[in-house]
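Structure first, commentary second.
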2 protein chains.
Amino acid sequence: MSAIRPVILSGGAGTRLWPLSVPARPKQLQPLTGARTMLQETALRVADPVLFAPLWVIAGQGHAAAIEAQLGEIGHRPARLILEPAGRNTAAAIALAALEAEPAELLLVLPSDHVVRDVAAFRTAVRAGAALAAAGHLVTFGIRPDRPETGYGYVKRGGALSDGSFAVERFVEKPDRETAAGYLADGGYDWNGGIFLFRADRCLEELEAHAPDILAAVRAALAGAEREGARVRPDPDAFAQVRSESIDYAVMERSGRVAVVPVAMGWSDVGSWDALHELAEKDSAGVARQGDVIAIDSKHCLVRSDGPTVVTIGVENLIVVATGDAVLILPRGQSQRAREAAEAIGKRESGEQAG
Amino acid sequence: MSAIRPVILSGGAGTRLWPLSVPARPKQLQPLTGARTMLQETALRVADPVLFAPLWVIAGQGHAAAIEAQLGEIGHRPARLILEPAGRNTAAAIALAALEAEPAELLLVLPSDHVVRDVAAFRTAVRAGAALAAAGHLVTFGIRPDRPETGYGYVKRGGALSDGSFAVERFVEKPDRETAAGYLADGGYDWNGGIFLFRADRCLEELEAHAPDILAAVRAALAGAEREGARVRPDPDAFAQVRSESIDYAVMERSGRVAVVPVAMGWSDVGSWDALHELAEKDSAGVARQGDVIAIDSKHCLVRSDGPTVVTIGVENLIVVATGDAVLILPRGQSQRAREAAEAIGKRESGEQAG
């Protein structure tokens, strides 16, 4: 089997981890669970040269220097760094990678901001997925649900393939709570973790079949690309024309040859401060401290500072996150509302510019 | 009646309003309830030249420049600025003022960090007190209790004097809750607000009678003082020998000629974040916002920032105070615990210096 090309998608600028994650320094460029940034952790996960070819990264233009610096700190550099002039979601990003690759190349597409605790399990699953991908399948990795999560898509397992893999009967979009509880009880549904493995040419065939406009627009943007060393900058005007769509919706939900490799690898997308509280090391009172924090008589809290000294006294079930610029305080269990803070700030700033 | 000399005591460096109040910039040098600092508000309260002589200030050496600058901003400057080389509590501070004054001068001693909403009532009470002081009484102003407060001393009214004033039957130290509730029910007890009015020579006589060691040590420190314009710097070595004692304990509780002038003047010592929450303007959800604050779906909170943008979402009954250096979060009703934060920081810093 030829080496697998890791393609790290670093285009997101999530607001669910505001105020830590902001457009200028998004979540994946931050250390969340340890000393290394999420991007660094992701790169190290696919650094084994026996299994993997040198990695590619697809990212926003503004993050090029930070990405090269962070990979440099761990002794790596991207073999190709494709810099999007604007975010156009995952279908466009993956089309960029598939068009740049050799036709028979196996591409392992992975988000830059997920936690995987069991890297050995991840690699075993990748090996199983690579065999399926070489045979022409579009492979997704299925995460066993442990709760009725409404924030992820699900894949329903169909007939068994080799090595504990399955054909995918169907993809389902983020369900409501009752539906999610049904999936959990059913046992035949896995979370779609957003990690994919396929041959470059198979990916292009499916894009051609299901989203030809996206493929054509990305191809045009690449034809006009500037290239400088490892950096590739698609033509901004052409790329601006690309339809913004997820690869799930554009291809995976529509394709007839999708396979799922279920894997238990201690996965989390760290999609909220609550998720980080679950992952983080906690003291006997359930308090996770990160940074310059003093928690007195406090219980079941996440208290994080990337700036000032933060002191909590006598509080319970709170999320407190401080940077040099901003502080967020909300109850544990409601941390998805961090978005509201980012939105309020955004609204205020655009109002200030208008006024 | 001759003009009354206001003597503002600015020596405190309270930790109850940590992290806003720290030794380098204590509470009285901060704006707490409006645009002006507590010191500025206090100075303006005693600026009427018909009633008051030019003011004196007694403060820590490190604050001289800040005090002159803040008074300058409101068009004032201290006629005398007595700079203590170290804090030695109120008996020493008042002894400094009494020794500097003319014997027959009336001294109105007032803390620099209290709120008085009704300045007209304050001045009326001062006029009544001045008559008593001129006749040889040591006058304190009695604040009508509206709750069984355990954080203040009380004065028990004795026989009636002129103009709604009373002889003081006794001073009592900070009572326990049950005792405080009894005082409240009794109706004959007022809070000792720490504002005093007396002739300089009467004050010195009482110090001589009840705390001669303090008076002698302060006199020695003043004999060696450096003087430069309005500034007076007592000799540091001599002042270091002064016993640290409150004027209440050293004199007022022991003297036979203390009078109390009860006054309803919208007084608060703003002794805690809870007190500030009570005083502050609040929205319909009971949230007091000060500085760069966004409170979403939050109730009955004090949220203050002197630095970062602070966002609260879905929280109730919290005190949140942020500066550029530190953030404090604790439940409303427990804000006296801010001290614990200041102590923890102090302990850590001394540990760092030792280690």
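Order of the sequence lines sets the chain letters (A, B, ...), proteins ahead of strands, with each chain counted from 1.
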For B:Val320, is it the side chain, the backbone, both or neither that has a heavy atom under 4.5 Å from a heavy atom of chain A? side chain
With a 4.5 angstrom heavy-atom cut-off, is it the side chain or the backbone of B:Ile296 that approaches chain A, or both, or neither? side chain
Above 12 or not: heavy atoms from other molecules or residues under 6.0 Å from NZ of B:Lys299? no
Name the member of A:Ala338, A:Pro331, A:Ser298 that forms the most heavy-atom pairs with chain B at distances under 4.5 Å. A:Pro331
Counting only non-hydrogen atoms closer than 4.5 Å, does A:Ile294 touch chain B with its backbone (N, CA, C, O), its side chain (CB onward), both, or neither? side chain
Between A:Trp267 and A:Trp191, how do the two ring planes meet: parallel, tilted or perpendicular, split at 30° and 60°? tilted
What option among A:Asp297, A:Leu330, A:Val311 has the most heavy-atom pairs under 4.5 Å with chain B? A:Val311
Are there over 12 heavy-atom neighbours, none belonging to B:Arg332, within less than 6.0 Å of that residue's CZ? yes
Which atoms of B:Leu318 are under 4.5 Å from chain A, going by heavy atoms: the side chain, the backbone, both sets, or neither? side chain
Is A:Asp306 salt-bridged to A:Arg304, cutoff N-O under 4.0 Å? yes
Is the shortest side-chain N to carboxylate O distance from B:Arg348 to A:Asp292 below 4.0 Å? yes
